[in-house]
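Read through the structure below, which is laid out as structure tokens, and then see the notes.
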Amino acid sequence: MTEPLRIALAGLGTVGAGVIRLLDTNGALIARRAGRPIEIVAVSARDRSKDRGVDIARFQWVDDTTALAHSGADVVVELVGGADGPALTLARATLGAGKSFVTANKAMLAHHGLELARAAEQAGVALKFEAAVAGGVPVIKGLREGAAANEIERVYGILNGTCNFILSKMEAEGRDFAEVLAEAQALGFAEADPSFDIDGVDAAHKLSLLASLAFGTRPAFADVAASGIRHVLAADIAEAAALGYRVRLLGVAESGEAGLFQRVHPHLVPISHPLAHVTGATNAVVAEGNFVGRLLFQGAGAGDGPTASAVVADLIDIARGEFGPAFAMPADALTPQASSDTGDRRGRAYVRFTVADRVGVLAEIAAAMRDAGVSIESLMQRGAMADGSVLVAIVTHEGPERAVAQALERLRGSQSLVGQPLWMHILG
Ligand SMILES: NC(=O)c1ccc[n+]([C@@H]2O[C@H](COP(=O)([O-])OP(=O)(O)OC[C@H]3O[C@@H](n4cnc5c(N)ncnc54)[C@H](OP(=O)(O)O)[C@@H]3O)[C@@H](O)[C@H]2O)c1
């Protein structure tokens, strides 16, 4: 048998332990597919004595994670997490030492992907991150390889399993956000501090990577406009259903002459669209190519098994000698593109107001919409909430987003409004 591919593993949590279990279980099959065995030689985490449910005594333990870059391994796998800190130090040290680097860390790549891709190219090694977007779903490979011959017109999808779990539970059970979030936390579907997930930051990290792969642009996380799901009410979901839609947190990216459009927002998705039927913690990504048409990638976006599956797929590529550029083309060929999210974009919108139950409120909202040039397709008013306020939901005809923004700006601070309006885009 040829020489094994030697791995150093940083991080032995959910995904790290999953990688060990996967290699233990499927090692022989993987060796046949990869042409050589894949062997872990060294590991590192914070606490050496922690029970991880896998035997780590057989590996060399390294206290200083960064030192893995200089261990006897051919490849370092980073499963620590965090945009900066030990993960980034290890990435720089590994690539600087001329070794390949595999990571599941979308936050780090969204912020430092270009730098790391350049470092990998200079060293002639691989930088791979299949597990960083949509967990076990091979969407990175799908874009980088399977769809590489296409001009990608749009890439969008459900990129955060926690949000999709919460939204689909709110939908199925008619319960409000806070209650379902607490349950998701108890079940381990949401972190103790869930803000990265529910405010759309995690999905924004992933979207910036997909956009780069799809459009040949530099990862531009700072240009992703993101808002999450914490202000979505059960009543919004019920209203959307009555109109023929489901509410999903979508990341949407498009590239055109005006620049790069990247946005993570709750959307109304038509019931006829496949993404409307993606429920629970599942992730799904749609890519539209000019020759291949619409591709749908769907599956488990998180969890030890699916995420480890993606990490080891990267290791198999490296074992086979398949390196390839991290973002589907050499880092210097990736173009910087200005953000096109300037308000000129046209679309239909759902706007929900919580208002005081008194005469003249509807007229005030309608006047603000009319004066801003927003054409209203339908307006619904729903009975009193517990505090006596009333919900008013508007669906607009297609028009420039700037007009809706102007109307909302005018209504800001109005005595008639209780809390902030919720603006959701309707997927076209
Ligand atoms: N969990 C998923 O389903 C999933 C899915 C896709 C991508 N990812 C990504 O995969 C990565 C790992 O996620 P995870 O869920 O496995 O995280 P996790 O369970 O929290 O594990 C993190 C590991 O990193 C170690 N660690 C933390 N800080 C460290 C430090 N300063 N120095 C050395 N080691 C340190 C921890 O050590 P101790 O165990 O000793 O505390 C732990 O073993 C993240 O980038 C995450 O975004 C996760």
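For reference, positions follow the sequence shown, starting with 1. Note that ligands are numbered from 1 as they come in the structure, with each ligand's atoms numbered from 1 the same way. The structure presented is a predicted model; accordingly, all values stated were derived computationally and were not measured.
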Below 3.5 Å only, please: the N or O atoms of ligand 1 paired with protein N or O atoms, distance on each line.
unit_1	atom_1	unit_2	atom_2	d
ligand 1	3 (O)	Gly303	N	2.7
ligand 1	16 (O)	Thr14	N	3.2
ligand 1	16 (O)	Val15	N	2.9
ligand 1	19 (O)	Thr14	N	2.9
ligand 1	19 (O)	Thr14	OG1	3.3
ligand 1	37 (O)	Arg46	N	3.3
ligand 1	39 (O)	Lys50	NZ	3.0
ligand 1	39 (O)	Arg52	NH1	2.7
ligand 1	39 (O)	Arg52	NH2	3.4
ligand 1	40 (O)	Arg46	N	3.0
ligand 1	40 (O)	Asp47	N	2.8
ligand 1	40 (O)	Arg52	NH2	2.9
ligand 1	41 (O)	Arg46	NE	3.1
ligand 1	41 (O)	Arg46	NH2	3.0
ligand 1	41 (O)	Lys50	NZ	3.0
ligand 1	43 (O)	Leu12	N	2.8
ligand 1	43 (O)	Gly13	N	3.0
ligand 1	47 (O)	Lys106	NZ	3.1

Is the closest basic N to carboxylate O distance between Glu401 and Arg346 below 4.0 Å?
no
Can I get a per-line list of side-chain donor-acceptor pairs under 3.5 Å for residues 124-138, giving both atom names and the distance, sequence neighbours left out?
unit_1	atom_1	unit_2	atom_2	d
Lys128	NZ	Phe323	O	3.0
Glu130	OE1	Lys141	N	2.9
Glu130	OE2	Val139	N	3.2
Glu130	OE2	Ile140	N	3.1

Distance-only donor-acceptor pairs under 3.5 Å for side chains of residues 303-310, two or more places apart:
unit_1	atom_1	unit_2	atom_2	d
Asp304	OD2	Arg21	NH2	2.9
Thr307	OG1	Gly303	O	2.6

Once ring-ring contact (aromatic ring centres under 6.0 Å, His included) is applied, what residue pairs with a partner in residues 47-85 remain, sequence neighbours excluded?
none
Thinking salt bridges, do Asp202 and Lys206 make one under a 4.0 Å N-O criterion?
yes
Taking the basic N atoms (NZ, or NE/NH1/NH2) and the acidic carboxylate oxygens, is any pair closer than 4.0 Å for Arg246 and Glu171?
yes
